[in-house]
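A quick write-up on the structure given underneath.
The model shown is predicted, which means the values in this text are computed figures rather than measured ones. Just so you know, ligand 1 is whichever comes first in the structure, and atom 1 is the first atom listed for that ligand.
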Amino acid sequence: MKHLRTLNDLTINELEDILNMAKQMEGNFFQQHYPPVTVANLFLEPSTRTKCSFQVAQNELGLHAITLDESSSSVQKGETLYDTVRTLEAIGCKAVIIRSSQKAYYKELENITIPVINAGDGAGDHPTQSLLDLLTIQQEFVIFQGLDIVISGDIRHSRVARTNADILRKLGANVFFTGPEEWMDPAITKGNVITIDEAVEKAHVMMMLRIQTERHQNEEGLSNEEYHMKYGLTLEREKRMLPEAIIMHPAPVNRDVEIADELVECSRSRIFKQMKNGVLARKAVLASLLNLKGEKQYAHII
Ligand code: CP
């Protein structure tokens, strides 16, 4: 694998290798190495989890990192994405992690030779989020084949829904969708739309999504309370879930909108486990793309 722009950059074998590597990353810290290896984080859209977990992953791998956002880079002066990334490559960065609101921004970067890691492209893809989600599901259920997974909420505008739906189907899970009709996207949902009340009784995994208000208006015009009662995971609905079922959410969470406040940290919730797994998945992606795996210079110190 040269880049990670979408999960289509990985074969299923490579994906399994990354998940296996991620599991071994817990508690593994790598020594800083000489000459230093520097990577760049270019976040042109807000992020807490993805940006910070990449930074923690980089620290634990012994990498040096520089982090730019839109307000502190020459993007403010009109510099193109290509020229920005070409500059980072020219000054010696060995990989670049990019979040942008522009869908498929990486198509502009075909001539960039260092690995490009997609940290989210508009309503396009979010491959490292999917990897951490897969790791979380695998830790719980071991295999994906035959699992009923419901993705709930704002499907049309969600890069997480798109990336997860594709890969979970490839891995043999049954993927269903629920939410307001106008936010169902036939290209993603492929007719597998059910009601929230059907969903909670069937799902092994309820994957809740935030309303992506930065990408659209709330066309239905529902208040938060109305949305919660009509489409959300309420306390009453949680009681009807299967005993073994878990709740996931990529976060940020809007408490009491798509999910009841009390459920965010309930015993079924894996939401903070997902965030922890984000560091492991991103360490595995960086180690794989930078060929850190098994190299003697990256001796474990724990
Ligand atoms: N899940 C996720 O991508 O969160 P951030 O937007 O905070 O990175």
Selection from Pro250, Pro252, Ser53 by shortest heavy-atom distance to atom 1 (N) of ligand 1: Pro250

For the residue pair [Y] / [X], report whether a side-chain donor-acceptor contact shorter than 3.5 Å exists.
{"X": "Thr80", "Y": "Glu108", "answer": "no"}
{"X": "Arg99", "Y": "His126", "answer": "yes"}
{"X": "Ser53", "Y": "Arg282", "answer": "yes"}
{"X": "Ser130", "Y": "Asp133", "answer": "no"}

Taking the side chain as every heavy atom from C-beta outward, state whether Gln274 and Gln129 have any pair of such atoms under 4.5 Å apart. yes

So which heavy atom in the protein is nearest [atom], and how far is it from that ligand atom?
{"atom": "atom 4 (O) of ligand 1", "result": "Arg49 NE, 3.1 Å"}
{"atom": "atom 6 (O) of ligand 1", "result": "Arg99 NH1, 2.8 Å"}
{"atom": "atom 7 (O) of ligand 1", "result": "Thr48 N, 2.8 Å"}

When you compare ligand 1 with Gln129, is there at least one nitrogen or oxygen pair between them that comes in under 3.5 angstrom? yes

Between Ala119 and ligand 1, which residue portion shows a heavy-atom distance shorter than 4.0 Å: side chain, backbone, both, or neither? neither

Between Phe144 and Lys170, is there a cation-pi geometry (under 6.0 Å to ring centre, at most 45° from the normal)? no

Quick one: does Gly120 get a heavy atom under 4.0 Å from ligand 1? no

